[in-house]
Amino acid sequence: MPEPVTETAGELMRVIAGLRRVARRRTAVRLGTPPLPEAQRELLFVVERQPGIGVAAAASELGLAGNSVSTLVNALVGAGLLHRGVDPDDRRAARLTLASVAHQRLEAWRSARSALVGEALERVAEPTRGAITTALPALRLLLAELREGENR
């Protein structure tokens, strides 16, 4: 019989995955654009946080093979969402930055997603909204613990 912590962890991940799937689909519908594949979105987020990051560092950040990230980079460059520049210190290395359209797309996506989830939160009863708000600091700590576990 699974431990209660394991059951809680499983249920938490099912709920989070469901929230992400529904929000992703509905946000794409709201924006009228097809959603980017998750790996491409994640790479855009990494480049947004670390403009000028190299392909190898992005691969490490994402936990992917370098050739997989190169494929993602090629697709995003081809779609006009990412710029691949030359590293001035090593002409063989690429430096990645977001295209302005990617900045706009990410901002529109975040805004639409926040509005979508905010509208749903407004429709649930106050005790539920309060419980979700109260849980956010604990969820942030759990995320920090998971990230720390990656660095061990």
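Just so it is clear, the structure is predicted and the values come from calculations on it, not from any experiment. When reading the values below, keep in mind they use all heavy atoms of this one structure, side chains included, and skip hydrogens, waters and symmetry mates.
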Practice item. Give the intermediate values and the outcome of side chain to side chain contact (heavy atoms under 4.5 Å, CB included) for residues Ile53 and Thr97. Key: CA-CA 8 Å; Ile53 191 170; Thr97 55; over 6 Å; no
Point to revise | side-chain contact (heavy atoms from CB on, under 4.5 Å) against Arg84, all qualifying residues, sequence neighbours excluded | key: Val73, Asn74, Val77, Ala94, Leu96
**Study point:** Heavy-atom closest contact (Gly80 atom, Ala99 atom, distance)
**Key:** O-CB, 3.2 Å
Point to revise | Any residue meeting salt bridge (charged side-chain N to carboxylate O under 4.0 Å, His left out) with Arg49, in chain and number order, not counting sequence neighbours | key: Glu61
Study note, to complete from the structure: Taken in chain and number order and not counting sequence neighbours, the residues that satisfy salt bridge (charged side-chain N to carboxylate O under 4.0 Å, His left out) with Glu48 are Arg110
Review point. Where is the tightest heavy-atom contact between Arg30 and Ala115, given as atom of each residue plus distance?
Key: NH1-CB, 3.5 Å
Check your understanding: Do the side chains of Val117 and Ile132 join up, straight or via other hydrophobic residues, at under 4.5 Å, putting them in one cluster?
Key -> yes
Practice item. Drop me the distance from Leu136's CG to Leu141's CG, to the nearest 0.5 angstrom. Key: 11.0 Å
Check your understanding: Taking only residues two or more places apart in sequence or in another chain, which ones pass side-chain contact (heavy atoms from CB on, under 4.5 Å) with Ala28?
Key -> Pro35
Revision key, fill the gap. Applied to residues 5-32, the ring-ring contact (aromatic ring centres under 6.0 Å, His included) test, sequence neighbours excluded, yields none
Review point. Can any side-chain N or O of Thr128 pair as donor or acceptor with the backbone N or O of Val124 at less than 3.5 Å?
Key: no
Exercise for review: Test side chain to side chain contact (heavy atoms under 4.5 Å, CB included) on Leu82 and Leu98 and set out the steps.
Suggested key: CA-CA 5 Å; Leu82 199 60; Leu98 293 183; 4.0 Å; yes
Check your understanding: With the 4.5 Å side-chain cut-off for hydrophobic clustering, are Leu76 and Val101 part of the same group?
Key -> yes
Review point. Which residues satisfy the side-chain contact (heavy atoms from CB on, under 4.5 Å) test with Thr27, sequence neighbours excluded?
Key: Leu31, Trp109, Ala112, Arg113, Leu116
Check your understanding: Given the rule that I, L, V, M, F, W and Y join up when any side-chain heavy atoms are under 4.5 Å apart, are Ile16 and Leu142 in one cluster?
Key -> yes
Could you tabulate the donor-acceptor pairs under 3.5 Å formed by side-chain atoms of residues 37-45, not counting sequence neighbours?
residue: Glu38; atom: OE2; partner: Arg20; partner atom: NH2; Å: 2.6
residue: Arg41; atom: NH1; partner: Leu36; partner atom: O; Å: 3.1

Review point. How many angstroms lie between CD in Glu126 and CG in Leu121, if you round to the nearest 0.5 Å?
Key: 10.0 Å
Point to revise | Partner residues of Arg26 under the side-chain hydrogen bond (donor to acceptor under 3.5 Å, both in side chains) criterion, sequence neighbours left out | key: none
Review point. Can you name the residues that form a salt bridge (charged side-chain N to carboxylate O under 4.0 Å, His left out) with Arg140, not counting sequence neighbours?
Key: none
Check your understanding: Of all residues at least two apart in sequence or in a different chain, which pass the side-chain contact (heavy atoms from CB on, under 4.5 Å) check with Arg123?
Key -> Glu119, Ala120
Point to revise | Residues that Arg24 engages under salt bridge (charged side-chain N to carboxylate O under 4.0 Å, His left out), provided they are two or more places apart | key: none
Check your understanding: At what distance, to the nearest 0.5 angstrom, does OG of Ser111 lie from CG of Leu106?
Key -> 12.5 Å
Exercise for review: List in chain and number order the residues that pass side-chain hydrogen bond (donor to acceptor under 3.5 Å, both in side chains) with Asp90, two or more places apart in sequence or in another chain; answer none if no residue qualifies.
Suggested key: Arg92
